[in-house]
Amino acid sequence: MTKILVTGAGGQLGSQLLGRGDSAGFDLVGLTSAELDITDAEAVGDAVEPGAVVLNCAAYTAVDAAESDEQTAHRVNVDGARNLARACARRGARLIHVSTDYVFAGDASVPYEPDAPTGPRTAYGRTKLAGERVVLEDDPSAVVVRTAWVYTGAGSDFVATMLRLQRERDTVDVVDDQIGSPTYAGDLAAGLLELAGREDVPGGVLHATNSGQASWFELARAVFSGVGADAARVHACSSAQFPRPAPRPAYSVLSPAAWAAAGLTPLRPWRVALEAALAGLPPVCD
Ligand SMILES: NC(=O)c1ccc[n+]([C@@H]2O[C@H](COP(=O)([O-])OP(=O)(O)OC[C@H]3O[C@@H](n4cnc5c(N)ncnc54)[C@H](OP(=O)(O)O)[C@@H]3O)[C@@H](O)[C@H]2O)c1
């Protein structure tokens with residue numbers, strides 16, 4: 001049975017992966033940031049076993065905070081990623097490294113292919129792009145999987161926030177000028193496990209999101225409808241009304257073509273995935 005080591009196992013994606021390991025027939029071991037700090041090269045070297053697959057979900061993901069603390073983001077997203085790539089190359093383990101749409105400028109009008117020119121506009125995006133590069137330099141057999149707009153519907157992600165605001169407020173203003181592909185973390189986890197089992201996929205960059213596209217406003221309306229609330233309570237507004245330290249990409253749609261060409265199962269349409277995600281959440285008692 002192939003062993004899979006999940007780093008950053010306490011995070012949104014890491015925890016979804018751990019919940020799916022048994023059914024996928026892998027021996028899945030998750031290490032949280034407290035159990036394995038990926039910036040500790042020696043600890044990383046000790047944790048990576050020959051023949052294993054390492055699924056790196058550990059990252060500095062505080063997009064706004066990174067603007068004033070790029071050094072910390074760099075330490076995790078670049079130095080940490082390098083530690084994993086070097087350990088995997090040295091030990092004959094296979095690295096799957098998760099990255100982001102923020103490596104792009106977000107000014108396109110057609111879906112980004114993996115080899116499209118990058119141009120991050122944020123500190124977070126710069127560190128994630130640098131992380132991709134060190135991973136592929138130090139371990140050319142590694143697969144970098146970029147994703148976007150990930151949610152579980154629990155915790156404090158966008159879908160969870162909309163579910164909370166639906167209960168707390170009469171109306172909600174949500175930006176309508178940022179377009180992306182909402183991605184259920186459970187579907188992404190299943191896709192990553194499929195990739196983990198496919199040793200024939202060569203090193204390089206792939207994109208994985210639920211298919212289709214939406215604005216945050218459209219996603220918010222779909223969340224309201226999905227729980228039987230009146231979607232008209234969600235009002236559209238522009239990004240200019242919600243200035244943030246890190247500018248958000250206007251267009252973040254990632255093309256699934258390379259993923260499908262590698263023989264991997266395309267992730268389902270985002271509305272279908274959202275419905276499934278909402279159905280899987282515990283009922284809310286008002
Ligand atoms: N969420 C999205 O919308 C989205 C979109 C595109 C790409 N991604 C990418 O998807 C991946 C997973 O993100 P996520 O959504 O699961 O984020 P997340 O919930 O913030 O999880 C990241 C995890 O990394 C851990 N971590 C931070 N520094 C670490 C270190 N030095 N060593 C080990 N672990 C460390 C964090 O632990 P602590 O909490 O203890 O610090 C956390 O558990 C990341 O590569 C991210 O860039 C996410």
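Each ligand, and each atom within it, is numbered from 1 in the order the structure gives. Only heavy atoms go into these numbers, but all of them, side chains included; no hydrogens, no water, no symmetry mates.
Counting only N and O atoms by type, the side chains of Q213 and S181 include no donor and acceptor under 3.5 Å apart.
More than 12 heavy atoms of other residues, nucleotides or ligands shown are found within 6.0 angstrom of CD on E168. Other residues, nucleotides and ligands place more than 12 heavy atoms under 6.0 Å from the CD atom of E67. Heavy atoms from other residues, nucleotides or ligands lying under 6.0 Å from CZ of R133 number 12 at most. When the shell of 6.0 Å around CD of E113 is examined, it contains more than 12 heavy atoms from other residues, nucleotides or ligands.
Taking the side chain as every heavy atom from C-beta outward, H207 and Y112 approach each other to under 4.5 Å.
Here the shortest heavy-atom distance to atom 47 (O) of ligand 1, taken over F158, Y151, Y124, belongs to Y124. Nearest to atom 5 (C) of ligand 1 by heavy-atom distance, out of A9, G131, A148, G125, is A148. Taking all heavy atoms of V144, D79, I38 into account, the minimum distance to atom 32 (N) of ligand 1 is reached by I38.
A distance-only check finds a donor-acceptor pair linking the side chain of D157 to the backbone of T152 [under 3.5 Å].
Taking the ring centroids of W149 and W270, they lie at or beyond the 6.0 Å cut-off. In this structure, the ring of Y102 has its center less than 6.0 angstrom from the ring center of Y124.
In the vicinity of L36, heavy-atom distances shorter than 4.0 Å reach the ligand 1 atoms 32 (N), 33 (C). The contact set between ligand 1 and C57, taken as ligand atoms under 4.0 Å from a residue heavy atom, comprises 12 (C), 22 (C), 23 (C), 24 (O). For ligand 1, the atoms lying closer than 4.0 Å to a non-hydrogen atom of G10 are 43 (O).
For ligand 1, the polar-atom distance check finds no N/O of V76 at less than 3.5 Å from any of the ligand's N/O atoms. Taking only nitrogen or oxygen atoms, main chain and side chain alike, N56 does not reach within less than 3.5 Å of ligand 1. When only interatomic distances are considered, the shortest N/O to N/O separation between T61 and ligand 1 falls below 3.5 Å. Residue-to-ligand polar distances keep T39 apart from ligand 1: every N/O pair is separated by 3.5 Å or more. Ligand 1 has no nitrogen or oxygen under 3.5 angstrom from a nitrogen or oxygen of D101. Geometrically, ligand 1 and D37 share a nitrogen or oxygen pair separated by less than 3.5 Å. Distances between N or O atoms of L13 and those of ligand 1 include at least one value under 3.5 Å. Not one N or O of G14 is nearer than 3.5 Å to an N or O of ligand 1, by distance alone.
Regarding atom 43 (O) of ligand 1, its nearest protein heavy-atom neighbour is G11 N, 3.0 Å. Atom 45 (O) of ligand 1 has K128 NZ, 2.7 Å as its closest protein atom, hydrogens excluded (heavy atom only). Taking atom 3 (O) of ligand 1 as the reference point, the nearest protein heavy-atom neighbour is V150 N, 2.9 Å. For atom 38 (P) of ligand 1, the closest non-hydrogen atom of the protein is S33 OG, 3.5 Å. The nearest protein atom to atom 9 (C) of ligand 1, hydrogens excluded, is given as V98 CG1, 3.8 Å; this is a heavy-atom distance. Summary of contacts: the protein heavy atom closest to atom 24 (O) of ligand 1 is A59 N, 3.2 Å. At the top of the distance list for atom 1 (N) of ligand 1, counting protein heavy atoms only, stands Q12 OE1, 3.2 Å. Ranking protein heavy atoms by distance to atom 7 (C) of ligand 1, first place goes to S99 O, 3.3 Å.
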Would you tabulate the side-chain donor-acceptor contacts of residues 231-242 under 3.5 Å, counting partners in other chains and residues two or more places apart, or write 'none'?
unit_1: R233; atom_1: NE; unit_2: D170; atom_2: O; d: 2.8
unit_1: R233; atom_1: NH1; unit_2: Q166; atom_2: OE1; d: 3.0
unit_1: R233; atom_1: NH2; unit_2: Q166; atom_2: O; d: 2.8
unit_1: R233; atom_1: NH2; unit_2: R169; atom_2: O; d: 2.7
unit_1: H235; atom_1: NE2; unit_2: A232; atom_2: O; d: 3.3
unit_1: S238; atom_1: OG; unit_2: A240; atom_2: N; d: 3.4
unit_1: S239; atom_1: OG; unit_2: D177; atom_2: OD1; d: 2.5
unit_1: S239; atom_1: OG; unit_2: D177; atom_2: OD2; d: 3.4
unit_1: S239; atom_1: OG; unit_2: Q178; atom_2: NE2; d: 2.9
unit_1: Q241; atom_1: OE1; unit_2: S238; atom_2: N; d: 3.0

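D139 has no carboxylate O lying under 4.0 Å from a charged side-chain N of R94, or vice versa, which leaves the two without a salt bridge. With respect to the salt-bridge test (charged N to carboxylate O, under 4.0 angstrom), the residues E70 and R126 qualify.
Between D138 and A85, the closest heavy-atom pair is CB-CB, 4.0 Å.
For the ligand labelled ligand 1, residue T7 lies outside the 4.0 Å heavy-atom shell.
Under the side chain to side chain contact (heavy atoms under 4.5 Å, CB included) test applied with R146, the options V103, T100, T209 reduce to a single match, V103.
Using a 4.0 Å threshold on non-hydrogen atoms, atom 40 (O) of ligand 1 counts as touching the protein.
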